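First comes the structure, then the notes that go with it.
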Amino acid sequence: MEHLAVWIAALLTLGIISFLYKDNAWYKLSEAIFVGISAGYWFVVLFWDNVHGKFWTGVFPPEQYDAAGNVITEAPDYMLWVGAALGILMLMRLIPKIGWISRWPLAFIVGSTSGLYLINYFSSNMMRQVQGTIMPLFGMWPTDPTTGETVFQALPTYDIVGNVVILVGVFSGLVYFFFSKEHRGVFGATAKVGIFFLMVTFGASFGYTVMSRMSLLIGRVDFLFGTWLGLIK
Amino acid sequence: MKFDLGTARQLRILLLLLAMALATVVSTGAVSAQGEPVDRVDPDVTGEPMIDSVAMLPADSIPDEAYPAPPTDIAVKDTPNDDGGSIDISWSLSIDDYEGGKVDRYVIMRAPAVNGQPGEFVEIGDVTGRANKVRDGNATEGEAFFYKVVAVNREIRDGVLMWEATTESEAAGPVASSAQWFDWRRLNVFVGVILLCAFILYFINQAQKGKDLFIRKIAGLEAVDEAVGRATEMGKSIFYIPGTQDMNNVQTIAGVTILGRVAELAATYDTWLEVPVSRSLVMVTAKEIVKEAYSKVGRPDSFHEDQVHYLTDDQFGYAAGIDGMVVREKPATIFFMGAFYAESLILAETGNSIGAIQIAGTAMPSQLPFFVAACDYTLIGEELFAASAYLSREPKLLGSLKGQDIGKAVVLVSIIVGVILESLGIWEFSKLFRVID
Amino acid sequence: MRREIPLLITGIVGAVFVLQYFIPHWPFSKMNAWFSDWFSIVAAFAIWLGALNLMKISLQKIAGRKEDWGYAIVIIVSFLVIVIPGFGGGQGYREAGTFFSWLYEWVYTPLSSTMFAILAFFVASASYRAFRARNLEATLLLVAAFFVMLGRVPVGDLLTGFMPTGWQLSDLAGWVMNFPQAAGQRAIMIGIALGLVSTSLRIILGIERSHLGGE
Amino acid sequence: MSTRTWELLVVAAVLIVSTIVYLGKVGGWIGGVSFSPAVSIIVIILIFLSLVWILVRTLRGSLVDRRIVFLFVGLAVVLPFFMSITQKIKISPEVQQLYDALEALPPGSKVLVSFDYDPPSAPELQPMAESFLRYCLRSDLKVIIIGLWPQGPQQADLALQIALEDPEIQSKSPQYGVDYVNLGFQAGNEFVIQRMGANIESMFPRDYFGAAYRDLPLVRNVKNFSNIDYSFNLSAGYPGTQEWVQVAVDRYGLRLGGGNTAVQAPMMYPYLNAGQLVGLLGGMNGAAEFELLTGVTGKGTKFMLSQSFAHMIVIAFVIIGNAAFFASGRRKPLEQGK
């Protein structure tokens with residue numbers, strides 16, 4: 001069984017890789033297996049984790065005993081029925097006549113997502129990032145504990161340059177995203193600087209993505225030449 | 001445009017909820033505004049020598065000088081800004097508690113209040129020496145408790161616990177935990193959200209009154225017409241990929257909203273639009289949207305149920321599926337609008353290799369470089385969210401863009417002011433933006 | 001009714017989700033938990049729609065003897081091959097030693113990993129064909145990419161070993177990542193946050209409603 | 001012969017050769033292959049020369065077929081596996097910060113590790129997981145594992161097996177439930193994090209193997225994030241580090257270190273810069289640096305040579321593409337090779 005397993009895995013791996021040469025029957029077979037298996041995998045996992053694990057065991061908690069034999073079964077959570085009801089409304093789509101009901105659970109999901117994102121992004125990606133950008137450019141003003149005097153303490157040049165770069169980058173980048181003003185004159189020039197920063201960001205992202213993809217390929221090569229063929233020491 | 005019944009009702013309910021929240025905040029005004037951070041409670045022993053066995057000597061053989069002085073000034077109070085069930089305990093360290101002193105750890109004891117007097121004390125947890133506060137997270141809401149803090153000195157020789165000398169503090173209490181109706185630590189976020197929403201709503205209102213709002217050209221969106229037109233000329237199809245995430249991602253919502261506009265164009269030109277999706281919920285929504293678009297331009301019969309179809313939830317299963325379809329059907333135009341992960345590259349490169357016009361939009365920074373490189377036009381981040389407003393030219397939506405810009409202006413001004421103040425040694429301003437207490 | 005009720009649901013649920021952030025008191029403290037459970041359950045129900053759709057399309061392909069209909073059979077068979085032991089295996093369906101976990105380990109994992117891995121090839125091909133220093137912006141993108149790609153592997157420092165410490169490629173790559181890159185990311189982030197807040201607000205207020213479809 | 005015949009022959013050849021090699025592996029008469037330094041250098045020179053050939057071809061006006069690019073990538077990744085060249089790895093500040101924060105923890109501190117990835121991202125994240133767990137168990141830190149991706153706990157189990165093989169850890173004979181625990185997967189994405197902030201047990205009433213939360217000594221008294229001293233998130237997408245920062249760090253003040261796929265890592269720098277993350281391991285490179293810091297050579301270090309070669313190849317292709325672009329008078333599109 002172990003030999004069969006590793007061969008199946010290797011043949012499927014090669015099947016996907018063969019797409020690099022051209023679209024072919026081996027690839028199509030692997031692809032079809034993949035589409036079917038992955039759809040089935042999620043179908044099963046979501047059923048057990050969500051429908052069974054969350055809903056069923058939540059409303060019909062299995063009996064449990066602690067070490068002393070006392071019943072410690074949890075109280076059923078009736079609120080979960082609402083979720084099941086929404087889920088069933090969702091399936092109404094299968095009946096064309098009352099398919100419109102499925103908009104209710106949809107509205108529920110869209111609404112909760114909007115509310116949650118509004119707050120999460122506002123606090124973490126805006127407030128916190130604004131706070132992160134506000135920093136002393138050139139140095140700190142710590143209070144000397146012995147004399148009680150406030151003294152200026154300059155930052156190293158490296159940090160000053162870094163701080164200025166961050167400030168300019170964030171500022172000009174945001175200017176680029178202004179929609180209600182034409183990019184002209186000083187405003188346009190600032191937006192241009194903003195684009196430069198965005199491009200550096202994309203370049204760095206690109207570099208990191210290359211790194212990531214290559215790592216994953218290395219992982220497959222390790223499988224083919226190591227686990228399967230045993231050629232890697 | 002006027003608010004129809006549905007929206008007006010919703011607004012009213014929103015206002016009602018807000019008013020309710022504010023009213024409860026005011027009525028429970030007793031809530032303390034300063035939620036001082038409390039150190040983590042560690043009910044388990046940490047950072048101390050391992051005890052392999054216990055050889056406890058009788059209490060009278062413990063030298064008298066081994067007993068530490070008790071901790072003093074035990075203060076107990078309901079944990080502020082929480083939903084109840086939690087009490088903060090703090091104290092002044094025992095005078096024998098210093099590095100190398102006589103206190104190894106503090107044991108926290110709790111007793112329920114019986115007729116205003118402490119009942120039987122039981123141990124509920126402990127902290128290492130030098131700690132002066134803990135949080136009891138198991139105090140049933142509404143029940144009153146008394147607390148004691150016990151200083152513990154221990155002798156451990158070669159992993160054998162020889163003796164334990166303990167001194168109890170006085171009992172403090174009674175105190176009961178309660179839940180609060182407003183988290184004062186989040187007041188700044190509250191004000192910020194209200195302000196931003198106010199800007200947006202103000203400009204939506206202005207736009208509805210007919211005020212002309214200028215919106216600059218966004219290249220990627222100007223090209224949508226051209227891209228659909230080209231597909232029509234070539235007699236080929238259009239693919240629309242609304243990302244690979246579910247409806248619980250706002251980018252997907254933005255993506256399917258733009259799909260509505262594209263579908264209207266496709267229906268007008270009578271060009272085949274195909275929408276393969278990777279989430280069942282997205283399929284449901286996208287079907288609705290495309291159907292709606294077709295009937296809006298008066299071609300409900302041209303709509304086919306199978307125009308929008310599900311492939312698989314799996315990211316690469318989906319990418320592989322699309323790949324095959326693109327190579328075989330060779331669409332003239334491909335749209336990528338929504339949240340993408342690694343599959344963006346496969347999709348965009350394959351589309352590029354068959355020479356399709358590609359317009360992409362995503363707020364996933366890691367995927368933007370590939371779209372920028374392999375697509376003809378790319379909407380970057382915020383531009384994706386602006387797209388549906390821009391394409392529809394609906395005043396309400398354009399107004400919200402203007403409101404966003406005001407938000408951006410506030411951010412820019414705050415950053416500049418903040419940096420200047422901070423460079424001069426004035427810290428208070430940046431604290432307005434803190435999110436952790 | 002078909003339109004108003006969904007709009008109302010969206011509005012109320014959205015508003016509650018915003019408010020619960022500020023209100024620690026019951027029931028707001030619990031709502032979040034309820035909603036998250038509900039979402040998981042709805043998503044699990046919804047996948048039935050997706051799976052049925054996939055089956056329908058595949059069956060149509062087979063019935064119509066459309067191109068590549070043979071692969072449609074493979075899709076259906078492999079779907080059933082994993083679903084039957086998945087449901088038949090009971091709660092312990094994915095424990096080690098089950099057929100489901102075998103399929104996961106030896107079929108699903110290699111397929112999905114390889115799908116990920118062939119991206120490496122596409123990324124290289126895209127670099128060769130698409131990444132051109134067409135203008136100043138594109139040049140900046142490429143230069144930043146160079147620094148990062150070389151600086152994040154040991155070979156970068158090998159090439160710049162003659163430079164003083166602090167100026168070698170790994171240091172420069174670190175600088176690019178920590179400052180200009182972070183600044184750009186932050187600008188994008190703040191912009192996205194604003195766009196999200198505005199889109200969410202429009203959805204909650206029912207101004208943006210196309211996602212709910214027509215009457 | 002037709003192309004079709006050739007293709008079939010190649011497929012047959014691949015299958016036959018791999019069968020022979022496989023039989024050799026099973027029978028033990030074919031072992032690992034390793035190039036001598038001289039062979040390694042010759043291979044490198046050959047690759048370089050063929051790149052020059054591609055440059056010349058491209059400069060003459062036609063892009064080479066993308067399959068040739070693919071072939072080079074394949075070689076650049078495969079060949080270094082058989083070379084024995086050691087590289088000097090330098091520690092970047094964000095990795096050092098993560099390590100320092102970890103090192104400062106007293107023994108017995110509770111560390112929450114969230115496994116939010118699946119097998120496709122394992123080549124990058126598994127080495128991090130292994131060395132992180134190994135470090136924790138060696139330093140007597142208590143490890144609490146959860147997963148927000150269904151496959152996460154399985155990956156955690158694999159990493160634990162590797163970590164537990166370490167002789168130093170074996171001598172401590174750590175116990176499940178006392179020194180480390182795997183609480184398994186829970187559906188609900190960032191909602192799970194949010195509810196853990198209030199009550200971890202409500203989200204993970206049972207562990208991965210079915211034992212009740214309250215029966216596990218390690219977590220019995222862990223109510224929520226305030227009882228966690230440090231947390232580490234291995235993330236490959238959504239939900240991942242961004243959600244942990246937004247919910248656990250910003251709302252509950254958890255101390256969080258991130259281990260990210262390289263694709264995700266750039267997005268984490270603003271969080272790092274704003275102090276929302278205590279440190280960051282990005283991609284294979286981050287894994288290798290962390291291995292160096294913790295003093296155990298694992299897969300991260302082993303794979304770095306292939307990584308270096310692959311980066312060089314990509315850079316070479318960017319340069320070749322651009323050289324041709326400039327040589328052909330910039331704007332004129334090149335003919336697509338076939």
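Labels below follow one simple rule: chain letters A, B, ... track the order of the sequence lines, proteins then strands, and each chain is numbered from 1. Computed from a predicted model, the values in this text were never measured in an experiment.
In this structure, the portion of C/W34 lying under 4.5 Å from any heavy atom of chain A is its side chain and not its backbone. At a 4.5 Å heavy-atom cutoff, C/F146 makes no contact with chain A through either its backbone or its side chain. At a 4.5 Å heavy-atom cutoff, the contact between A/L20 and chain C is made by side-chain atoms alone. Contact annotation for C/Y71: both backbone and side-chain heavy atoms come within less than 4.5 Å of a heavy atom of chain A. Within the 4.5 angstrom heavy-atom criterion, only side-chain atoms of C/V148, from C-beta onward, approach chain A. Residue contact with chain C, scored on non-hydrogen atoms closer than 4.5 Å, involves the side chain of A/S123 exclusively. In this structure, chain C has no heavy atom under 4.5 Å from any part of A/V168. Contacts between C/W175 and chain A at a heavy-atom distance below 4.5 Å involve backbone atoms as well as side-chain atoms. If you measure heavy-atom distances from C/L196 to chain A, the contacts under 4.5 Å come from the side chain alone. Contacts of C/L80 with chain A are absent, with no heavy-atom separation under 4.5 Å from either backbone or side chain. Heavy-atom distances place both the backbone and the side chain of A/V6 under 4.5 Å from chain C. Looking at C/I188, both its backbone and its side chain come within 4.5 Å of chain A, counting heavy atoms on both sides. Heavy-atom distances place the side chain of A/M211, and not its backbone, under 4.5 Å from chain C. Heavy atoms of C/V107 lying under 4.5 Å from chain A belong to its backbone as well as its side chain. For C/M189, the parts lying under 4.5 angstrom from a heavy atom of chain A are both the backbone and the side chain. Both the backbone and the side chain of A/A25 come within less than 4.5 Å of a heavy atom in chain C.
The minimum heavy-atom distance between A/M199 and C/L140, with the atom names listed, is CB-CB, 4.3 Å. When every heavy atom of C/F17 is checked against every heavy atom of A/S112, the shortest pair comes out as CE1-CB, 3.5 Å. Considering all non-hydrogen atoms of both residues, C/S78 and A/G36 come closest at OG-CA, 3.7 Å. A/T201 and C/Q181 get closest at one heavy-atom pair: OG1-O, 3.5 Å. C/L141 and A/F202 get closest at one heavy-atom pair: CD1-CB, 3.9 Å. Contact detail for A/A204 and C/A144: the closest heavy-atom pair is N-CB, 4.1 Å.
When each of C/V143, C/I118, C/I73 is checked for heavy-atom pairs under 4.5 Å with chain A, C/I118 comes out on top.
Between A/L86 and C/I41, the closest side-chain pair of non-hydrogen atoms is not below 4.5 Å. Two residues are said to be in side-chain contact when any heavy atoms from C-beta on lie closer than 4.5 Å; C/L111 and A/S30 meet this criterion.
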Show your working on side-chain contact (heavy atoms from CB on, under 4.5 Å) between A/N125 and C/I192 and close with a plain yes or no. CA-CA 8 Å; A/N125 286 19; C/I192 288 173; 5.8 Å; no
Full working for side-chain contact (heavy atoms from CB on, under 4.5 Å) between A/F223 and C/S113: CA-CA 10 Å; A/F223 167 78; C/S113 309; over 6 Å; no
How far apart are the C-alpha atoms of C/T114 and A/L12, what are their side-chain angles, what is the distance that settles it, and do they pass the side-chain contact (heavy atoms from CB on, under 4.5 Å) test? CA-CA 9 Å; C/T114 314; A/L12 290 173; over 6 Å; no
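Taking the side chain to side chain contact (heavy atoms under 4.5 Å, CB included) definition, one finds that A/V44 meets it with A/W48, C/V83, C/F87, C/Y93, C/F100, sequence neighbours left out.
Checked by atom type and distance alone, the side chain of A/N50 pairs as donor or acceptor with a backbone atom of C/S40 at under 3.5 Å. Looking at C/W38, its side chain does come within 3.5 Å of a backbone N or O of A/M79 through a donor-acceptor pair.
Between A/R213 and the choices C/F116, C/F122, C/F121, the side chain to side chain contact (heavy atoms under 4.5 Å, CB included) rule is met once, by C/F116. For the side chain to side chain contact (heavy atoms under 4.5 Å, CB included) with A/I33, the qualifying choice from C/V74, C/I75, C/V81 is C/V74, the only one to do so.
To the nearest 0.5 angstrom, C/I47 atom CD1 is 7.0 Å from A/F43 atom CZ. Rounding to the nearest 0.5 Å places OH of A/Y41 at 9.0 Å from OG of C/S112. One finds the CG atom of A/L80 at 5.0 Å from the CG atom of C/D37 (value rounded to the nearest 0.5 Å).
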